[in-house]
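Remarks on the structure that follows.
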Protein chains: 2
Amino acid sequence: MPEQEPPPAAPKPRRRQARGERRAAQLLDAAAVVFSRVGYTAASTNAIAREAEVSPGTLYQFFPNKEAIAVELGNRLLEQWRESYGQALSAANLDLPLAELLDAVVDPLLEFNAQNPAFHVLMHGPDAPGQVTAAFEAFHSVVLHRIEEILATYLPEAPKAETTRVTTTTLALFKAGLDLIAAHPDEREEYQEELKKVLFRYLDPMLCEEPPAPGAAAQQPEA
Amino acid sequence: MPEQEPPPAAPKPRRRQARGERRAAQLLDAAAVVFSRVGYTAASTNAIAREAEVSPGTLYQFFPNKEAIAVELGNRLLEQWRESYGQALSAANLDLPLAELLDAVVDPLLEFNAQNPAFHVLMHGPDAPGQVTAAFEAFHSVVLHRIEEILATYLPEAPKAETTRVTTTTLALFKAGLDLIAAHPDEREEYQEELKKVLFRYLDPMLCEEPPAPGAAAQQPEA
DNA sequence: GAAAAACACGAGCGATTGCTCGTGTTTAGC
DNA sequence: GCTAAACACGAGCAATCGCTCGTGTTTTTC
């Protein structure tokens, strides 16, 4: 029988020089450009190599296959996101009023997506490889739980299933805003405001931070 | 110089028999299945032929190329849409209150999309061929203008640019709901309600049909 | 019933893709 | 300075794609 290689052991103890490190980063940059231009499947490895002004053989010295390029690029984008904007969802903003919370969360997220179009392609592209999708799913679920936490403090009486649904909906609305801005780059600010308007009006009636004014009848905590 | 062929003239006066009509429809059905499974680009013509239990050569007896398959399928879907659900946006519903207008418009639209997944793929797929996209854009803009008309009667004082923006946003929200339901088929009804909640809360504060009752802000009459 | 047209087949062409491999150059370690 | 490893090249392989074409069968037309 063929013995199975030990997966945790380093199969390639290849040392990488500074030059190689630069080339790898350069290739990821090129991949981001090509991916955001034509998507994952249509992006040929030769095109990525050409974009990086490098031969196809050189590309495969740093990445075992096309999927690995997407995976590493995805990881790099995820890391950049955490470094730059992860704080937007930190606990610091928990006690803000909703409108300002939305400013604090939505603006930096849109900003990051505007500057890293490959992020959107790899996250929501229909043809991204499974491992990338999985990594983003993990990230997605972290963000989701974070939002769920925040929302839970705003609407403490709702059952958990409903909180989850509200959270999922909120994220879907955000994604819609992303698409909207991508489709209308010249009206970016207007649609950014519109997105926040949507989110505010959707979420505001549900939260009961303080005992609501007795005027309005018990708002719908669902039928 | 090469003379240009007369475009309106029939370049292929080929008569089609009943058998051929059936084959063509069968091929479109197969294409819808394959497209909705893997998207346009990844759908190989050989796979479509195989799905229809037909040889590749036979496929090309009815369609000049892969793009034409998508175009005809797109047209067929568009026509089906108009036949079955076009009335949802007809003038009949103009005087309904917002909540019922949303029911009348959103429900059948979601129903159609649920039963024709290829519709979504061809409409919003990133790799659909130009002519399909164009046809859907035309359809999209018709729907958009229709909604814009309806909205204009609800909010007559807004400047046109804003009305357009609200309309575009509304459609993007609908698309988000579509994705949401596609991602959670087991909670279809819940997310359907959630979508209508989003749309209602977004649109309701803007319309000034009648001088609003001085009491609470117009609540949603839905359960 | 015979000729023509439409339908059906499937091997395979040309182009493109992801990727390899033989070869040569640059750098690190001593 | 010498050796080995890392880096770089680019022609080209195997597989796949959209699509063609020669051939044979069924249907229409007369």
Side-chain angles (χ1 to χ4, degrees), chain A residues 10-31 33-35 37-73 122 125-132, chain B residues 10-31 34-35 37-73 122 125 127-132:
Chain A
K12 296 202 175 182
R14 196 175 194 182
R15 290 188 46 243
R16 185 171 282 182
Q17 324 183 326
R19 183 175 37 151
E21 213 70 50
R22 261 181 285 130
R23 277 270 185 259
Q26 177 185 3
L27 281 164
L28 286 186
D29 290 340
V33 170
V34 178
F35 282 157
R37 196 154 52 206
V38 298
Y40 173 76
T41 309
S44 80
T45 55
N46 288 20
I48 295 175
R50 202 179 316 121
E51 174 77 29
E53 294 178 89
V54 147
S55 89
T58 297
L59 185 152
Y60 282 94
Q61 204 120 67
F62 298 98
F63 303 97
N65 51 50
K66 184 178 168 180
E67 178 171 349
I69 301 175
V71 170
E72 269 202 42
L73 177 59
L122 287 180
D127 52 2
Q131 203 176 141
V132 182
Chain B
K12 297 200 174 184
R14 198 176 193 183
R15 290 185 47 243
R16 185 171 283 184
Q17 325 183 325
R19 182 173 40 150
E21 213 70 49
R22 263 181 283 129
R23 277 269 185 260
Q26 178 184 4
L27 281 164
L28 286 185
D29 289 340
V34 178
F35 283 157
R37 198 153 53 208
V38 298
Y40 173 76
T41 309
S44 79
T45 55
N46 289 20
I48 295 174
R50 202 179 316 119
E51 174 77 28
E53 296 178 89
V54 147
S55 88
T58 297
L59 186 152
Y60 282 94
Q61 204 120 69
F62 298 97
F63 304 96
N65 52 50
K66 184 178 169 180
E67 179 171 347
I69 301 174
V71 170
E72 268 203 41
L73 178 59
L122 287 180
D127 50 3
Q131 202 176 139
V132 182

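Since the structure is predicted, the reported quantities are computational estimates derived from the model, not experimental observations. First the proteins, then the strands, lettered A, B, ... as listed; each starts at 1.
- Atom NZ of B:K66 and atom P of D:dC19 are 8 Å apart (whole Å).
- Distance CG (A:L59) to P (D:dC9): 11 Å, rounded to an integer number of Å.
- Scanning both residues, A:I69 and A:A31, for their nearest heavy atoms gives CG2-CB, 3.6 Å.
- Between D:dC7 and A:R15, no contact under 4.0 Å exists linking OP1 or OP2 to a side-chain N or O.
- Atom CD1 in A:I69 sits roughly 10 Å away from atom C1' in C:dG18 (whole-Å rounding).
- In this structure, A:L122 and A:A70 approach most closely via the heavy-atom pair CD1-O, 3.9 Å.
- Distance, B:Q61 CD to D:dG22 C1': 13 Å, rounded to whole Å.
- The side chain of B:T58 sits closest to C:dC9 out of C:dC9, D:dA8, C:dG10.
- With values rounded to the nearest 0.5 angstrom, A:R22 atom CZ is found 8.0 Å from A:R19 atom CZ.
- Side chain of B:E51 to backbone of B:A30: no donor-acceptor contact under 3.5 angstrom is found.
- Per the geometry, OH belonging to A:Y60 stands 5 Å off C1' belonging to C:dC19, to the nearest Å.
- The side chain of B:S55 contributes no N or O atom lying less than 4.0 Å from OP1 or OP2 of C:dA8.
- Within residues 16-27 of chain A, the residues that place at least one heavy atom under 4.0 Å from DNA chain C are, in residue-number order, A:Q17, A:R19.
- Atom CG of B:L73 is separated from atom OH of B:Y40 by 11.0 Å, given to the nearest 0.5 angstrom.
- Between atom OG1 of residue B:T45 and atom CZ of residue B:R50 there is a gap of 9.5 Å, rounded to the nearest 0.5 Å.
- Going from atom CZ of B:F63 over to atom CG of B:L28 covers 4.0 Å, rounded to the nearest 0.5 Å.
- Atom CD of A:E72 sits about 10.5 Å away from atom CD of A:Q131, to the nearest 0.5 Å.
- Note: A:L59 CG to A:K66 NZ = 11.0 Å, rounded to the nearest 0.5 Å.
- Inter-residue side-chain proximity for A:V38 and A:V34 is flagged as met; some heavy-atom pair is nearer than 4.5 Å.
- DNA chain D is contacted by A:V54 of residues 40-54 of chain A, taking any non-hydrogen atom closer than 4.0 Å.
- Per the geometry, CZ belonging to A:F63 stands 15 Å off P belonging to C:dT20, to the nearest Å.
- One end of the helix from C:dG1-D:dC30 to C:dC30-D:dG1 points its axis 10° away from the other end's axis, with each axis taken from 5 pairs and the angle rounded to 10°.
- Between A:A24 and A:R16, the shortest heavy-atom contact is CB-NH1, 3.8 Å.
- Following rounding to the nearest Å, B:N65 (CG) and D:dT20 (C1') show an atom-to-atom distance of 13 Å.
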